[in-house]
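On a predicted model such as this, the values are computed, not experimentally measured, just so you know. Below, chain A is the first sequence line, B the second, and so on; all start at residue 1.
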Amino acid sequence: MPELPEVETVRRGLEPVLLGRRIEDVLVRRFDLRMRVPENFRSHVSGKKITRLLRRGKYILAVLDDGNGFGLHLGMSGRVKVQPPSTDRNTDQNYALHDHVVFMMEEGSKIIFNDPRRFGMVFPIDKKWEEEKPFSRMGPEPLEKDFSGTKFALRLKGKTTPIKTTLLDQSVVAGVGNIYVCEALYHAGISPLKKAKMIHGTRAGKLASAVRHVLEMAIEAGGSTLRDHRQTDGSEGYFQYSFSVYDREGQACPSCVCDPAITGGIRRIVQGGRSTFYCPRKQK
DNA sequence: CTCCTGTCCTGCCGGC
DNA sequence: TGCCGGCAGGACAGGA
């Protein structure tokens, strides 16, 4: 579920409870997440203070006062819950099903990573994290000032794959997933079936701003809650009420003058095994 | 190298 | 009501 806006929403919710705070201890209740939590994770973070809390693509990163840190990925169904200080002991009955990793903060609050499908990850990073594994290959941050149409077009150059699947590639742009790629293509008026290399010049600029705009609006709304996404206080995001095309098969798109009973409205197709929603009349 | 398919795991929803 | 298939926001490995 969680794409850039959901991850950013969670990161912002964690700032007040994590930033500048010390981690007293970590309880790993399940090690077998998407990537196995290493046995030494506890000693890697315990007793350290969090000096920076960042987001890169769909990852949340905490930098610790020794220069190392840890990363968090929510996978498809991950949530992060913030539990205020309490006298509860760390017994199983005080945890919910799928509460896999618990960060116990010095002042008593608990940060709980919960993930039913276990597609998420909690992993250690070191000082050179930017040069390593997923981050070294990751594309530009779409919300950075320098994310321009020209730089974007350069990444699309030569790609024969449809623009929809290309945008899901994290080495092209970081953080965009299945919902927001559909929404951004709609706002840019570009068909998801168009070959990526055909998007250049003005259209690349339009697509870059559409991606940025959709993500910014979604962050403002606290993300989209379809099933699992929650803000750290447990409340839902509400950008799903602003979807133009995603999950709206058969309905009219917002500015359409057509009658969906005749035209069929928003269409759902499958690309790369995943649903794509678009308006064939507004996206060419 | 690029591109495509299958797979990891659980929960939920719709159809029969 | 209950069971079963299909589908879900992601990302990687492996093969063509």
Side-chain angles (χ1 to χ4, degrees), chain A residues 1-11 29-37 55-60 71-80 96-101 113-123 132-139 142 155-185 192-197 211 214-215 218-219 221-231 236-250 268-277:
Chain A
M1 123 202 158
E3 305 180 28
L4 188 152
E6 290 74 32
V7 176
E8 178 61 20
T9 298
V10 170
R11 190 199 67 79
R29 303 181 72 242
R30 274 200 85 140
F31 286 86
D32 55 339
L33 307 183
R34 171 76 205 265
M35 176 197 292
R36 193 170 176 84
V37 180
R55 181 193 51 73
R56 181 77 173 99
K58 297 171 191 167
Y59 291 81
I60 291 172
L72 213 60
H73 193 288
L74 302 176
M76 295 276 264
S77 57
R79 284 186 201 179
V80 181
L97 190 63
H98 309 306
D99 279 352
H100 303 315
V101 182
F113 175 75
N114 176 290
D115 183 11
R117 293 175 72 177
R118 280 186 283 126
F119 280 7
M121 305 177 241
V122 177
F123 58 97
E132 290 165 1
K133 312 199 184 166
F135 308 107
S136 52
R137 305 194 58 239
M138 210 172 272
R155 300 248 172 193
L156 304 177
K157 200 178 166 188
K159 297 243 178 225
T160 56
T161 43
I163 186 66
K164 156 76 187 322
T165 45
T166 307
L167 289 180
L168 291 179
D169 181 346
Q170 300 298 294
S171 69
V172 172
V173 207
V176 177
N178 207 38
I179 293 177
Y180 299 106
V181 69
C182 293
E183 293 297 308
L185 286 170
L193 298 158
K194 199 105 188 156
K195 281 191 196 307
K197 64 180 180 184
V211 167
V214 164
L215 296 175
I219 291 171
S224 305
T225 298
L226 295 185
R227 303 183 167 73
D228 306 303
H229 169 65
R230 289 293 184 287
Q231 307 192 38
E236 301 192 346
Y238 49 91
F239 192 72
Q240 65 277 15
Y241 302 117
S242 301
F243 287 168
S244 297
V245 289
Y246 188 82
D247 211 13
R248 300 191 66 233
E249 183 180 15
R268 173 187 177 271
I269 58 173
V270 175
Q271 292 179 286
R274 318 189 62 190
S275 290
T276 300
F277 299 88

Exercise for review: Take atom CG of Asn114(A) and atom P of dC9(B), then tell me their distance rounded to the nearest Å.
Suggested key: 17 Å

Revision key, fill the gap. Taken to the nearest whole Å, CE/Met138(A) to C1'/dC12(C) is 13 Å

Check your understanding: In terms of side-chain heavy atoms of His98(A), which of dG10(C), dT10(B), dA8(C) is nearest?
Key -> dT10(B)

Practice item. Give a yes/no on whether any side-chain N or O of Ser77(A) is located under 4.0 angstrom from OP1 or OP2 of dA8(C). Key: no

Point to revise | Contacts of type salt bridge (Lys or Arg N to Asp or Glu O under 4.0 Å), residue Arg274(A), not counting sequence neighbours | key: none

Check your understanding: Is there a side-chain polar atom (N or O) of Arg34(A) under 4.0 Å from OP1 or OP2 of dA11(C)?
Key -> no

Exercise for review: Tell me the stems DNA chain B sits in, counting at least three consecutive Watson-Crick or G-U wobble pairs, each under 3.5 Å on both distances.
Suggested key: B:2-8 with C:10-16, B:10-16 with C:2-8

Review point. Within the structure, does a side-chain N or O atom of Arg268(A) lie under 4.0 Å from either OP1 or OP2 of dA8(C)?
Key: yes

Point to revise | Side-chain N or O of His73(A) closer than 4.0 Å to phosphate OP1/OP2 of dA11(C) | key: yes

Check your understanding: When you measure from the side chain of Leu97(A), which nucleotide among dG11(B), dC7(C), dC9(B) comes out closest?
Key -> dG11(B)

Exercise for review: Give the rounded distance in Å between these two atoms: CD of Gln271(A) and P of dT5(B).
Suggested key: 12 Å

Study note, to complete from the structure: Rounded to whole Å, the CG-P distance (Asp169(A) to dC1(B)) equals 14 Å

**Study point:** Spacing of the P atoms in dG6(C) and dG6(B) (rounded, Å)
**Key:** 14 Å

Practice item. Let me know the distance between CZ of Arg118(A) and C1' of dT7(B), rounded to the nearest Å. Key: 14 Å

Review point. Using a cut-off of less than 4.0 Å, is there contact between a side-chain N or O of Gln170(A) and OP1 or OP2 of dG10(C)?
Key: no

Practice item. Report yes if a donor N or O on one partner sits less than 3.5 Å from an acceptor N or O on the other, where the partners are the side chain of Arg274(A) and the base of dA8(C); otherwise report no. Key: no

Point to revise | Test: Asp99(A) and Arg29(A) ion pair at under 4.0 Å | key: no

Check your understanding: Across the strands shown, which category fits Arg137(A) at heavy-atom distances under 4.0 angstrom: base, sugar-phosphate, nothing?
Key -> nothing

Check your understanding: Quick one: CZ on Arg11(A) to CD1 on Ile219(A), what's the gap to the nearest 0.5 Å?
Key -> 9.0 Å

Review point. If you check every side-chain atom of Arg117(A), which of dT10(B), dC12(C), dC3(B) has the closest atom?
Key: dT10(B)

Point to revise | Side chain Glu249(A), main chain Phe277(A), donor-acceptor under 3.5 Å | key: no

Review point. Going by atom types alone, do Thr276(A) and Gln271(A) pair a side-chain donor with an acceptor below 3.5 Å?
Key: yes

Point to revise | Any Lys133(A) side-chain nitrogen or oxygen under 4.0 Å from OP1 or OP2 of dC12(C) | key: no

Review point. Would Asp115(A) and Ser77(A) count as having a side-chain donor-acceptor pair, cut-off 3.5 Å?
Key: yes

Check your understanding: Heavy atoms under 4.0 Å, any strand shown: does Phe239(A) hit a base, just sugar-phosphate, or nothing?
Key -> nothing

Review point. Rounded to whole angstrom units, what separation is found between the CE atom of Met76(A) and the C1' atom of dC9(B)?
Key: 10 Å

Practice item. For Phe119(A) and dG10(C), say yes or no: do the ring centres fall under 5.5 Å of each other while the ring planes differ by less than 30°? Key: yes

Practice item. Let me know the distance between CG of Leu33(A) and P of dT7(B), rounded to the nearest Å. Key: 22 Å

Check your understanding: Taking atom C1' of dT2(B) as reference, at what distance in whole Å does atom NZ of Lys195(A) sit?
Key -> 13 Å

Check your understanding: When we call it a touch if two heavy atoms are under 4.0 Å apart, what does Ser275(A) touch: a base, just sugar-phosphate, or nothing?
Key -> sugar-phosphate

Practice item. Decide, yes or no, whether a salt bridge links Glu236(A) with Arg230(A) under the criterion of side-chain N to carboxylate O below 4.0 Å. Key: yes

Check your understanding: Of the options Leu167(A), Thr166(A), Leu168(A), which is the one that meets Lys164(A) in a side-chain contact (heavy atoms from CB on, under 4.5 Å)?
Key -> Leu168(A)

